[in-house]
Amino acid sequence: MSEVAASTPFNPDPYAIPLDSKFNVAQARLFQQDAHWAWFDRLRSESPVHYCDESEFGPYWSVTRYNDIMEVDTNHQIYSSEGGIAIVEQAEDFRLPMFIAMDPPVHDEQRKVVSPVVAPMNLKKLESTIRERAAGLLDDLPTGEEINWVDRISIELTTQMLATLFDFPFEERRKLTRWSDVATASEESGVVESEEQRRQELFECLQTFTEIFRERQARPGNNDLITMLAHGESTRDLLDRPMEFLGNLILLIVGGNDTTRNSITGGVLALNQFPAEYDKLRANPGLITTMVPEIIRWQTPLAHMRRRALVDAELGGQQIKAGDKVVMWYVSGNRDEQAIENPYEFAIDRARPRQHLSFGFGIHRCMGNRLAEMQLRIIWEEILKRFDNIEVVGEPTRILSTFVKGYSDLPVILHPRK
Amino acid sequence: MAKITYIQFDGTKTEIDAENGSTVMNTAIDNLIPGIDADCGGECSCATCHVLVDPAWMEKVGAPSEQENAMLDLNPDREENSRLSCQIPVTDELDGLIVNLPEFQY
């Protein structure tokens with residue numbers, strides 16, 4: 001799979017090459033170097049629905065404008081999620097079925113079982129726990145010296161949250177982080193040494209949760225995710241379908257982990273790049289409410305979602321053929337000036353900040369969107385109580401992926417409130 | 001033109017003179033009525049403009065489309081009288097309509 005990547009000369013300037021069927025934006029290096037923006041700018045203005053006939057992921061369509069993305073996302077009868085929702089294909093002999101990668105009616109049945117755990121009513125019960133844990137973390141941080149914000153706060157906080165949702169043994173919670181990283185790791189990322197190792201670790205995840213599932217089967221009544229799966233009508237026999245069980249675990253772990261983690265980091269970075277917004281926030285912490293969805297737009301923690309056309313269709317003047325792979329680049333739609341005013345500005349007081357693509361739209365819209373917003377709101381409320389400035393003191397290190405848009409390192413110095 | 005009454009979860013009532021051509025969702029947004037998020041801006045694709053139509057008005061308001069049904073189905077709090085307010089156009093016939101807002105949008 002890396003043969004194509006290795007033979008393609010890498011030039012991060014999209015205007016240095018012709019905009020033809022070889023124009024390939026699905027290169028992890030572009031995202032790692034934060035060089036993808038101009039590529040999408042060019043696609044949006046010159047070829048908004050663009051066919052690339054050769055990439056390490058095979059041929060695919062790029063959909064880059066907000067409205068076209070909305071059209072694909074909301075027409076699940078034409079654009080199917082069956083079989084996978086990322087541009088990379090799952091290995092034939094290691095398919096992980098999960099409801100995000102299914103069409104109705106099975107999708108609807110399975111989603112309904114787990115969605116109540118992240119419903120606002122349930123979130124209210126979790127709010128005080130999340131706040132206590134966030135406060136504890138922030139109180140323990142050293143001030144006046146350089147720390148890695150990603151590891152100390154973003155990862156730790158989201159991992160604690162995830163352990164709470166699963167009612168996972170708290171002292172072993174970093175296993176969740178590890179499984180999340182392993183599940184989304186590309187071959188070249190260095191997270192795992194080999195595909196064998198990756199599978200081995202994911203099987204350990206399956207084993208651990210199989211035990212927890214059995215234990216919860218015998219002990220109903222709690223409202224954690226595993227208890228819900230163990231007693232839900234369409235999921236209580238999941239242990240008979242281990243790959244599907246693993247698939248849905250990975251979905252919930254990755255869905256609740258990477259995305260929020262990288263939005264927590266992205267917010268710090270954005271406020272440092274737009275210091276006038278940081279001033280506004282300090283003067284009026286009430287703006288956290290509109291800042292949170294703006295952070296999620298600005299960061300776009302998942303760069304894309306992919307579909308496959310079930311029938312021939314027209315999209316943005318292009319002829320999509322049945323069977324074609326269609327990639328919705330949320331990261332591009334969230335910078336579409338035709339849909340969002342001054343899209344490259346990070347503005348914490350937008351009038352309609354929730355009009356962004358980061359959660360997707362239609363029946364696959366992010367189930368945990370309110371949980372994500374709540375986590376970000378709480379962390380920022382607690383940050384503002386304690387720190388006058390979270391100063392970014394070096395370049396972030398970005399993740400090598402066309403899917404997860406995030407960071408592994410952001411060096412900061414904390415300045416306490418005077 | 002139709003008079004529409006929005007009842008908040010806490011019981012607060014607001015009466016609005018709604019313009020034909022608008023929707024129950026847009027009327028709420030234009031008049032800064034809290035409790036409706038409308039993240040997708042009226043595309044029937046986020047289900048955050050969920051309202052509970054007063055049962056006496058259900059027949060006049062009508063049944064949801066297939067797409068709306070699919071979106072409503074994502075909501076664990078869906079009731080018999082649940083509708084997405086972006087899918088209810090304002091008409092003279094709806095003069096007097098009462099809609100209740102849920103405690104949460106998803």
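Per chain, numbering begins at 1; letters A, B, ... match sequence-line order. FYI, side chains are in, hydrogens and waters are out, and symmetry mates aren't considered; it's all heavy atoms of this structure. If you're wondering where the values come from, they're calculated on a predicted model, not measured in any experiment.
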Going by side chain to side chain donor-acceptor pair (under 3.5 Å), name the residues that satisfy it together with B:Lys3, two or more places apart in sequence or in a different chain.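 So B:Lys3 forms a side chain to side chain donor-acceptor pair (under 3.5 Å) with B:Asp17.
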Short donor-acceptor separations (under 3.5 Å), chain B to chain A:
residue  : atom : partner  : partner atom : Å
B:Asp37  : O    : A:Arg352 : NH2          : 3.2
B:Asp37  : OD2  : A:Arg354 : NH1          : 3.2
B:Asp37  : OD2  : A:Arg370 : NH1          : 3.3
B:Asp37  : OD2  : A:Arg370 : NH2          : 3.0
B:Ala38  : O    : A:Arg352 : NH2          : 2.9
B:Asp39  : OD2  : A:Arg365 : NH2          : 2.7
B:Ser45  : O    : A:Gly362 : N            : 2.6
B:Glu103 : OE2  : A:Lys124 : NZ           : 3.2
B:Gln105 : O    : A:Arg370 : NE           : 3.4

Part of B:Ala47 lying under 4.5 Å from any heavy atom of chain A: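 Neither part.
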Once salt bridge (charged side-chain N to carboxylate O under 4.0 Å, His left out) is applied, what residue pairs with a partner in residues 113-122 of chain A remain, sequence neighbours excluded?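 Qualifying pairs, neighbours excluded: none.
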Per the salt bridge (charged side-chain N to carboxylate O under 4.0 Å, His left out) rule, what does the pair list look like for residues 44-59 of chain B, sequence neighbours excluded?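 Salt bridge (charged side-chain N to carboxylate O under 4.0 Å, His left out) check on residues 44-59 of chain B returns no pairs.
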Chain B heavy atoms under 4.5 Å from A:Met70: which part of the residue, side chain, backbone, both or neither?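 Only the side chain of A:Met70 comes within 4.5 Å of chain B.
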Please identify, among B:Gly41, B:Ala70, B:Cys46, the residue contributing the most non-hydrogen atom pairs under 4.5 Å to chain A.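 The residue among B:Gly41, B:Ala70, B:Cys46 with the greatest pair count is B:Cys46.
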